[in-house]
Number of protein chains: 2
Amino acid sequence: MADGMALTARRKRLPPEARREQIVDAAVCYFAEVGLAGTTRDLAKRAGITQALLYQYFGSKAELLEAVFARVYLDRMSPRWPALITDRNRPLRERMLTFYAEYTGAIFSYEWLRIFMAAGLAGEALNRRYLDHVRDVLLAPLLAEIRFAARPDVQPEMEDLWNLHGGIIYLGIRRHIYHLPTPDEVMPVIERAVDRFLAGFAIGH
Amino acid sequence: MADGMALTARRKRLPPEARREQIVDAAVCYFAEVGLAGTTRDLAKRAGITQALLYQYFGSKAELLEAVFARVYLDRMSPRWPALITDRNRPLRERMLTFYAEYTGAIFSYEWLRIFMAAGLAGEALNRRYLDHVRDVLLAPLLAEIRFAARPDVQPEMEDLWNLHGGIIYLGIRRHIYHLPTPDEVMPVIERAVDRFLAGFAIGH
DNA sequence: TCTTTAATTGGTCAAATGATCAACGACGGG
DNA sequence: CCCGTCGTTGATCATTTGACCAATTAAAGA
């Protein structure tokens, strides 16, 4: 009677698409926790399936990791951000704060940060492509906006913007990579950082 | 005749201390490149010794990694930095720039950053201990200095200092973890970041 | 030169791991 | 109710990998 559920729960049949989604979900969680060198057996055990079934849906572990990368990165970049950044009807400071509130809300997760960092260490080209995209689609337009608002004699460079960006991202790194205590609310810290940055280029709030 | 050197080069006997140093050196380089999941066989091959010899000097792979961690972190924290930071005979800005010039000079290396990041992902307690040390011995005194120099109505918090610190460290992360192009000279970027930071707390240069 | 010490090696074992395949059985169609 | 499809499983293989040990041999001392 006690094991009735456990026994009947075995061999649950799912439509391929749902099963594939379930596997990728479990894989994201698993590899974020133990690193990309995690084993297919442990992953299968955590997903509640057999190891052999993984190879029904993915030809190899590398292919499964590709699906994990895609799941983690796709649709985490909101297509609204470029328009938000360049909307000069709103104050620049407000645009930046809204952007970073949404951006950190999207990527400050245990899974995203750890898998992104692990991919970087593993030499995956994905990181470079992603950060090139961040630079071209988000930071470059933002830099243009700041330059437009800044005094002509104190114009920021892209490297200054990377510095602001990095200081913000580092908060997530401390929290999720190093497991260090961080403020529950990140926006007050980000707000002060953005204000210091804008003030440094003589942009009043 | 061609293989004379190669053959006679085998089985070179070294005093234990020198051999151990050589192994740790090779291990630092190897694990930084391929990650902590690298194999003892590949490491031995790269070090030019047999795999069995590793176990003459280290009881296990974990013990070898401990030695790698120790090598990477020990003596990279200069004991002069606390005194430098609190030396009120020098301008605060100059102290901060000198400190970050030396600090980044010490840790902005391929080996240090990658092994430190890999250790963080692996959940090693080392990262937390190291960063606690950074906070207590370096950032906390620095924060006190900045508060001393700042106007009483705009006092920075520790989290603001982490933000400055993170923006600087992120430069090394982009360079050595993500393999992205970064400026050859980091000090101009750091100098501007420090100036913006100090200006944000109404500290003139 | 001979002896002794111990640094070094090739060989090997057991466990772990990626990958494969024949067989099983849950579900829908007839 | 039976049958065929195909999602799923248990078993298995070939490698890889951490770890160990007896045999080898380079180097120091008498």
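Predicted model only: the values in this text are computed from it and were never measured. Numbers restart at 1 for each chain; the letters A, B, ... are given by sequence-line order, proteins then strands. Excluded from the calculations below are hydrogen atoms, water molecules and symmetry mates; all remaining heavy atoms, backbone and side chain alike, are included.
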Practice task
Would you indicate whether R147(A), at its atom CZ, is surrounded by more than 12 heavy atoms from other residues, nucleotides or ligands within a distance under 6.0 Å?
Solution key: yes
Problem - Ring centroid separation Y178(B) to F116(A) under 6.0 Å - result: yes
Completion exercise
Judged by nearest nucleotide, the residue sitting upstream toward the 5' end of DNA chain D, L53(A) or T39(B), is L53(A)
Exercise for the section: Using a heavy-atom cut-off of under 4.0 Å over every strand shown, decide if L14(A) touches base, sugar-phosphate, or nothing. Expected result: sugar-phosphate
Practice task
Mind checking P15(A) for me? I need base, sugar-phosphate or nothing, with any heavy atom below 4.0 Å counting as a touch.
Solution key: nothing
Exercise for the section: Write down the distance between NZ (K61(B)) and P (dC20(D)), rounded to a whole number of angstrom. Expected result: 15 Å
Practice task
Could you tell me the separation between the OH atom of Y55(B) and the P atom of dT12(C), rounded to a whole number of Å?
Solution key: 19 Å
Problem - Selected nucleotide, minimal atom distance to R13(A) side chain, candidates dA26(D), dG7(D), dG10(D) - result: dG7(D)
Practice task
Rounded off to whole Å, could you give me the CZ-to-C1' distance for the F31(B) and dT17(D) pair?
Solution key: 12 Å
Problem - Nucleotide dT8(C), atom C1' - distance to NZ of K45(B) in whole Å - result: 18 Å
Handout entry: R20(B) CZ to dT8(C) C1', straight-line distance once rounded to whole Å
Key = 17 Å
Exercise for the section: Kindly say whether, by distance alone, the side chain of Q51(B) makes a donor-acceptor pair under 3.5 Å with the base of dA19(D)? Expected result: yes
Fill in the blank from the handout: Whole-Å distance, F58(A) CZ to dG18(C) C1', equals 16 Å
Exercise for the section: May I ask you to decide if T40(B)'s main-chain N or O and K45(B)'s side chain share a donor-acceptor pair within less than 3.5 Å? Expected result: no
Problem - Residue S60(B), side-chain atoms from C-beta onward, closest of dA19(D), dA7(C), dT8(D) - result: dA19(D)
Practice task
Consider the side chain of A52(B), meaning its heavy atoms from C-beta on, and name the nucleotide among dG11(C), dT8(C), dA11(D) that approaches it most closely.
Solution key: dG11(C)
Exercise for the section: Check whether the side chain of R41(A) and the base of dA16(C) form a donor-acceptor pair under 3.5 Å. Expected result: no
Problem - Sugar-phosphate only, base, or nothing, as touched by Y57(A) at under 4.0 Å among non-hydrogen atoms - result: sugar-phosphate
Practice task
For G38(A), report the nucleic acid contact type (base, sugar-phosphate, nothing); a contact means any heavy atom under 4.0 Å.
Solution key: sugar-phosphate
Exercise for the section: Among dA19(D), dC21(C), dG7(D), find the nucleotide with the atom closest to the side chain of Q56(A). Expected result: dG7(D)
